[in-house]
Every structure is written in structure tokens, then in C-alpha cells.
Amino acid sequence: MSTYRGLPPLSTLIGFEAAARLGSFSRAAEELHITQSAISHQVRVLEDHLGQPLFRRIGRRIELADAGRD
């Protein structure tokens, strides 16, 4: 049995960290040289894995939710 079972994919954590630090999926995508859609997908996979939203999406803006700050 893998000791990593239950952990989210590393790529989702990298995308989340960049988006949280930069406050933008688009700027995170630029920094990581991937598309904004890929960042959004990574964050969604991480949120699904954790079972809670990590960002509040306000129109085209994002801000960290309590769970994202934690």
C-alpha cells in the first residue's frame, strides 16, 4: 500500500500555491507557463479532493476562502 494514498496530486498544490500567492489564476498560469484553464482545473481537482472550496470566485476575481488560507 502506498504511503501517498490520500494525498492530492503535486501539480494541484503547485497551481494552488501560485494562484493563492498571486491572487490570480491568469498570473499563476503565466508564471507556470500553462493555461489559465489548466490552473482552474488543478484548483478544482484539489477542491474536490479536499471536499471544500479554497477560493471564492467573484466574477473574474478570486480571493482565498478560509479553507484556502488554512
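All values below come from the heavy atoms of this structure, side chains included, with hydrogens, waters and symmetry mates left out.
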To the nearest 0.5 Å, what is the distance between [atom1] on [X] and [atom2] on [Y]?
X: Phe25; Y: Phe55; atom1: CZ; atom2: CZ; value: 5.0 Å
X: Arg44; Y: Leu54; atom1: CZ; atom2: CG; value: 10.0 Å
X: Thr35; Y: Glu30; atom1: OG1; atom2: CD; value: 12.0 Å
X: His49; Y: Leu13; atom1: NE2; atom2: CG; value: 8.5 Å
X: Asp70; Y: Asp66; atom1: CG; atom2: CG; value: 6.5 Å
X: Leu32; Y: Leu22; atom1: CG; atom2: CG; value: 8.5 Å

Return the minimal non-hydrogen interatomic distance between [X] and [Y], and the atom names on each side.
X: Ile39; Y: Gly15; value: CD1-CA, 3.9 Å
X: Gln36; Y: Ser26; value: CG-OG, 3.7 Å
X: Ala28; Y: Ala19; value: CB-N, 3.5 Å
X: Ala18; Y: Glu31; value: CB-OE2, 4.1 Å
X: Ala65; Y: Pro53; value: CB-O, 3.8 Å

Exercise. Give a yes or no on whether a salt bridge exists between Glu47 and Arg57, defined as a side-chain N under 4.0 angstrom from a carboxylate O.
Key: yes
Exercise. For the pair Glu17 and Arg21, find out whether any cationic side-chain nitrogen is under 4.0 Å from an anionic carboxylate oxygen.
Key: yes
Practice problem: Measure the shortest side-chain to side-chain distance between Ile62 and Arg56 over non-hydrogen atoms and say whether it is less than 4.5 angstrom. | Solution: no
Quiz prompt | Leu64 side chain reached by Phe16 side chain, heavy atoms, under 4.5 Å | solution = yes
Quiz item: Which is it for Val43 and Thr12 under the side chain to side chain contact (heavy atoms under 4.5 Å, CB included) test, yes or no, and what are the steps along the way?
Solution: CA-CA 6 Å; Val43 169; Thr12 65; over 6 Å; no
Self-check item: Arg60 atom CZ, neighbour heavy-atom count above 12 within 6.0 Å
Solution: no
Quiz item: Can Val45 be reached from Ile14 by stepping across I, L, V, M, F, W or Y side chains whose heavy atoms are under 4.5 Å apart?
Solution: no
